Colleague: 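Quick one: the structure is below, and I'll ask about it shortly.
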Amino acid sequence: MNSETTFTNYISSARKQFEFYKMLGQKTLERLDENALHWQSNNGCNSAATLVKHLSGNMLSRWTNFLTEDGEKVWRDRDAEFETHGESIEEIMAWWHDGWKVLFEALDNISSEDAERLVYIRNQGHTITDAINRQLCHYAYHVGQLVHIGKIIHGDNWESLSIPKGQSQTFNSDKFSKPKSKTHFTDEFLNPKGQKP
């Protein structure tokens, strides 16, 4: 396998991971009403709405003109991302979709020819893979916080977004009962019926 193919495979895999975390976050947000979106466990913790606003602000800054401009845009106001003012569900979901849209558009415009390029975040050079890894880990961190908020609010009524508690053995038995195959682990969560995400 040559380096161009390896790079292309990496971009494809990273995209699936981003889609997976978007799905986890979105399914959580869809289970929260307006009050729940603005709920905070204490003043030092972020609400779901604040997390979405920050994620969106980060995505818009990092992924707009990803290959040609510094990822920390002069127009970004990061501190304002941590202030919310009772926005509606519609406004919060608009932040969510706007951020992911620019991310996926940027990923789809990366080609194998970009493998050796550097991109900059606050003047620090990153390889494409390092820049993507940085954002992938950052977004997974905050999506995990979103899911945790959903679990706190719904308590025992929370419906698992992955393998439910107590069902690991059943899940594993099903996997090991099938022939070995090359698939991405996110496929069954993103496309349970073969649908395009």
Side-chain angles (χ1 to χ4, degrees), residues 11-41 43-66 69 71-110 121 131-154 157-162 184-193 195-197:
I11 299 298
S12 175
S13 178
R15 195 185 202 287
K16 284 179 179 283
Q17 294 277 176
F18 280 120
E19 289 171 352
F20 178 68
Y21 288 113
K22 178 178 185 284
M23 178 274 293
L24 291 178
Q26 188 157 323
K27 285 192 173 181
T28 299
L29 294 170
E30 289 168 355
R31 297 176 186 185
L32 302 178
D33 61 23
E34 207 158 286
N35 286 333
L37 286 167
H38 290 282
W39 175 84
Q40 294 174 261
S41 60
N43 289 334
C45 291
N46 293 315
S47 67
T50 303
L51 289 169
V52 171
K53 189 176 184 183
H54 169 56
L55 280 166
S56 181
N58 180 280
M59 290 174 182
L60 292 171
S61 183
R62 295 288 185 268
W63 298 98
T64 298
N65 299 324
F66 172 68
E69 295 179 2
E72 186 66 14
K73 301 296 188 289
V74 294
W75 42 258
R76 184 186 185 196
D77 186 352
R78 184 180 180 278
D79 290 337
E81 294 166 13
F82 294 93
E83 299 174 6
T84 53
H85 306 283
E87 290 84 359
S88 68
I89 291 174
E90 291 76 19
E91 289 174 284
I92 294 164
M93 294 310 294
W95 291 336
W96 179 257
H97 292 299
D98 288 348
W100 287 106
K101 181 176 182 287
V102 73
L103 182 158
F104 289 124
E105 286 175 351
L107 280 180
D108 292 343
N109 282 308
I110 297 171
I121 301 173
I132 291 174
N133 288 342
R134 175 174 173 166
Q135 300 316 119
L136 184 57
C137 293
H138 183 189
Y139 303 156
Y141 168 73
H142 286 309
V143 168
Q145 293 173 327
L146 276 176
V147 174
H148 186 63
I149 289 171
K151 286 179 151 184
I152 291 172
I153 289 171
H154 284 276
N157 295 321
W158 178 258
E159 183 182 341
S160 176
L161 297 173
S162 57
H184 200 278
F185 84 95
T186 63
D187 290 342
E188 65 194 286
F189 298 105
L190 293 169
N191 308 310
K193 297 176 183 176
Q195 301 167 342
K196 184 176 175 59

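Because the structure is predicted, anything quoted here is derived from the model rather than measured.
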Colleague: Just checking Glu30: does its CD atom have more than 12 heavy atoms from other residues, nucleotides or ligands closer to it than 6.0 angstrom?
Modeller: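 Buried by this count: over 12 neighbours within 6.0 Å.
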Colleague: Heavy atoms only: give me the nearest Thr64-Glu69 pair and the separation to one decimal.
Modeller: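 In this case the closest contact between Thr64 and Glu69 is O-OE1, 4.5 Å.
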Colleague: Tell me whether the count of non-hydrogen atoms from other residues, nucleotides or ligands lying under 6.0 Å of NE2 in His148 goes above 12.
Modeller: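 Atom NE2 in His148 is not packed in, count stays at 12 or less.
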Colleague: Mind checking the CZ-CG spacing from Phe66 to Asn109? Nearest 0.5 Å is all I need.
Modeller: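 Going from CZ on Phe66 over to CG on Asn109, the span is 11.0 Å.
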Colleague: Hey, is the main chain of His85 close enough, under 3.5 Å, to the side chain of Glu87 for a donor-acceptor pair?
Modeller: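 Checked: pair present.
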Colleague: Distance from Lys101 atom NZ to Lys22 atom NZ, nearest 0.5 Å?
Modeller: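 Reported value, rounded in 0.5 Å steps: 12.0 Å.
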Colleague: Report yes if the side chains of Gln135 and Met59 come closer than 4.5 Å at any heavy-atom pair, otherwise no.
Modeller: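 No. Closest side-chain heavy atoms not under 4.5 Å.
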Colleague: Counting C-beta onward and ignoring hydrogens, is there a side-chain heavy-atom pair between Arg134 and Arg62 closer than 4.5 Å?
Modeller: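 Answer yes - side chains close enough.
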Colleague: Applying side chain to side chain contact (heavy atoms under 4.5 Å, CB included), run through Phe104 and Glu19 and close with a yes or a no.
Modeller: CA-CA 9 Å; Phe104 289 124; Glu19 289 171 352; 3.7 Å; yes
Colleague: Checking side chain to side chain contact (heavy atoms under 4.5 Å, CB included) for the pair His54/Trp95: CA distance, chi angles, key distance, verdict?
Modeller: CA-CA 9 Å; His54 169 56; Trp95 291 336; over 6 Å; no
Colleague: Mind running side chain to side chain contact (heavy atoms under 4.5 Å, CB included) on Lys73 and Leu60 for me, showing each step along the way?
Modeller: CA-CA 9 Å; Lys73 301 296 188 289; Leu60 292 171; over 6 Å; no
Colleague: Between Leu146 and Trp96, which heavy-atom pair has the shortest distance, and what is it?
Modeller: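 That closest heavy-atom pairing would be CD1-CZ3, 4.0 Å.
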Colleague: Hey, mind stepping through Asp187 and Lys16 against side chain to side chain contact (heavy atoms under 4.5 Å, CB included) and telling me if it holds?
Modeller: CA-CA 8 Å; Asp187 290 342; Lys16 284 179 179 283; 3.0 Å; yes
Colleague: Minimum heavy-atom separation for Leu32 and Gly150, please, with both atom names.
Modeller: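 Closest pair (atom of Leu32, atom of Gly150, distance): CD2-CA, 4.2 Å.
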Colleague: Just checking Tyr141: does its OH atom have more than 12 heavy atoms from other residues, nucleotides or ligands closer to it than 6.0 angstrom?
Modeller: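 Counting neighbours around OH of Tyr141, 12 or fewer heavy atoms of other residues, nucleotides or ligands fall under 6.0 Å, so no.
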Colleague: Measuring from Asn46:CG to Gln145:CD, what's the distance to the nearest 0.5 Å?
Modeller: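 Interatomic distance, Asn46 CG to Gln145 CD, rounded to 0.5 Å: 6.5 Å.
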Colleague: What I'd like to find out is whether the side chain of Val143 reaches to under 4.5 Å of the side chain of Thr28, using heavy atoms alone.
Modeller: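 No, their side chains stay 4.5 Å or more apart.
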Colleague: Looking only at non-hydrogen atoms, find the nearest pair between Ser47 and Thr84 and report the distance.
Modeller: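 Taking Ser47 first and Thr84 second, the nearest heavy atoms are OG-OG1, 4.3 Å.
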Colleague: If you look at every heavy atom in Ser61 and Gly71, which pair is closest and at what distance?
Modeller: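 Shortest heavy-atom contact: OG-O, 2.6 Å.
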Colleague: In Å and rounded to the nearest 0.5 Å, what is the CG to CG distance from Leu103 to Asp98?
Modeller: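 Separation between the atoms: 12.5 Å.
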Colleague: Between the side chains of Asn58 and Glu81, is a donor N or O closer than 3.5 angstrom to an acceptor N or O?
Modeller: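 No, because no side-chain N or O of Asn58 sits under 3.5 Å from a partner of the opposite role on Glu81.
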Colleague: Under 3.5 Å, side chain of Glu34 to main-chain N/O of Ile89, donor-acceptor pair present?
Modeller: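 Checking the backbone N and O of Ile89 against the side chain of Glu34, a donor-acceptor pair under 3.5 Å is found.
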Colleague: Can you spot which of Val52, Leu51, Val147 makes a side chain to side chain contact (heavy atoms under 4.5 Å, CB included) with His142?
Modeller: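 The single option meeting the side chain to side chain contact (heavy atoms under 4.5 Å, CB included) with His142 is Leu51.
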Colleague: Distance from Phe20 atom CZ to Leu136 atom CG, nearest 0.5 Å?
Modeller: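 Answer for the CZ-CG pair, Phe20 versus Leu136, is 11.0 Å.
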Colleague: Between atom CD of Gln26 and atom CG of Leu161, what is the distance when rounded to the nearest 0.5 Å?
Modeller: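 One gets 11.5 Å once the value is rounded to the nearest 0.5 Å.
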Colleague: Does any N or O in the side chain of Arg31 come within less than 3.5 Å of the main-chain N or O of Glu159, such that one atom is a donor and the other an acceptor?
Modeller: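 Checking the backbone N and O of Glu159 against the side chain of Arg31, a donor-acceptor pair under 3.5 Å is found.
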Colleague: Can you see which heavy atom on Lys53 is nearest to which on Glu83, and at what distance?
Modeller: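 Taking every non-hydrogen atom into account, NZ-O, 2.7 Å.
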Colleague: In terms of heavy-atom contacts, does CZ of Phe18 have more than 12 from other residues, nucleotides or ligands at under 6.0 Å?
Modeller: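 Enclosed.
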